[in-house]
Amino acid sequence: MLHAEELGLRGDVCARIGPGSAVEHEGNGSPYGVRFTESEAFPVTVALLEVPEHHYFLAEDRAWIVAFSFEGDLDVVDATGTWPGLPAG
């Protein structure tokens with residue numbers, strides 16, 4: 001079962017993926033990464049967040065990264081300044 005924080009993260013990551021772009025995911029427990037597009041974002045993100053590990057989502061153009069820890073901490077670095085829910089300025 002997903003935690004509320006994970007549900008919000010899933011929505012935020014999915015909302016950030018623009019048409020024709022992709023996101024790369026890396027977990028700290030696997031030597032493999034996953035690359036997915038906007039059309040695949042919802043089911044792939046749901047499946048990835050079921051794995052108990054730290055999660056790193058990186059925009060294809062490197063404009064933003066989201067780090068979600070196993071303990072539930074969320075860190076965002078957004079070079080565009082347009083992350084949904086962040087205060088302007």
Side-chain angles (χ1 to χ4, degrees):
M1 178 124 207
L2 295 176
H3 297 283
E5 296 88 2
E6 293 171 318
L7 293 172
L9 170 63
R10 182 182 66 206
D12 284 344
V13 169
C14 292
R16 292 294 298 165
I17 306 170
S21 67
V23 168
E24 297 169 11
H25 170 273
E26 184 69 37
N28 71 318
S30 172
Y32 305 104
V34 177
R35 182 179 171 95
F36 55 95
T37 63
E38 178 187 27
S39 64
E40 305 160 320
F42 191 81
V44 170
T45 305
V46 169
L48 291 171
L49 291 175
E50 289 291 330
V51 178
E53 64 182 3
H54 300 305
H55 297 275
Y56 307 94
F57 296 90
L58 180 63
E60 178 179 41
D61 65 0
R62 306 301 192 250
W64 54 266
I65 185 170
V66 174
F68 187 72
S69 76
F70 178 73
E71 298 81 15
D73 296 324
L74 175 67
D75 292 306
V76 177
V77 175
D78 180 14
T80 68
T82 61
W83 187 267
L86 288 181

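Throughout, numbering of the chain's residues begins at 1 and tracks the sequence. Because the structure is a prediction, the values reported are computed rather than measured.
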### Query
Parallel, tilted or perpendicular: which describes the rings of Phe70 and His54, with under 30° parallel and over 60° perpendicular?
perpendicular
### Query
Which pair of heavy atoms, one from Ile17 and one from Ala41, lies closest together, and at what distance?
CD1-CB, 3.5 Å
### Message
For a 4.5 angstrom cut-off between non-hydrogen side-chain atoms, does Leu49 reach His55?
### Response
yes
### Message
Contact between Trp64 and Val23 at the side-chain level, heavy atoms closer than 4.5 Å - yes or no?
### Response
yes
Got a list of side-chain donor-acceptor pairs under 3.5 Å for residues 29-38, not counting sequence neighbours?
residue, atom, partner, partner atom, Å
Ser30, OG, Tyr32, N, 3.1
Arg35, NH1, Glu24, OE2, 3.0
Arg35, NH2, Glu60, OE2, 2.3
Thr37, OG1, Ser39, OG, 3.3
Thr37, OG1, Glu40, OE1, 3.1

#### Entry: Non-hydrogen atoms of Phe57 and Leu48 that approach each other most closely
CE2-CD1, 4.1 Å
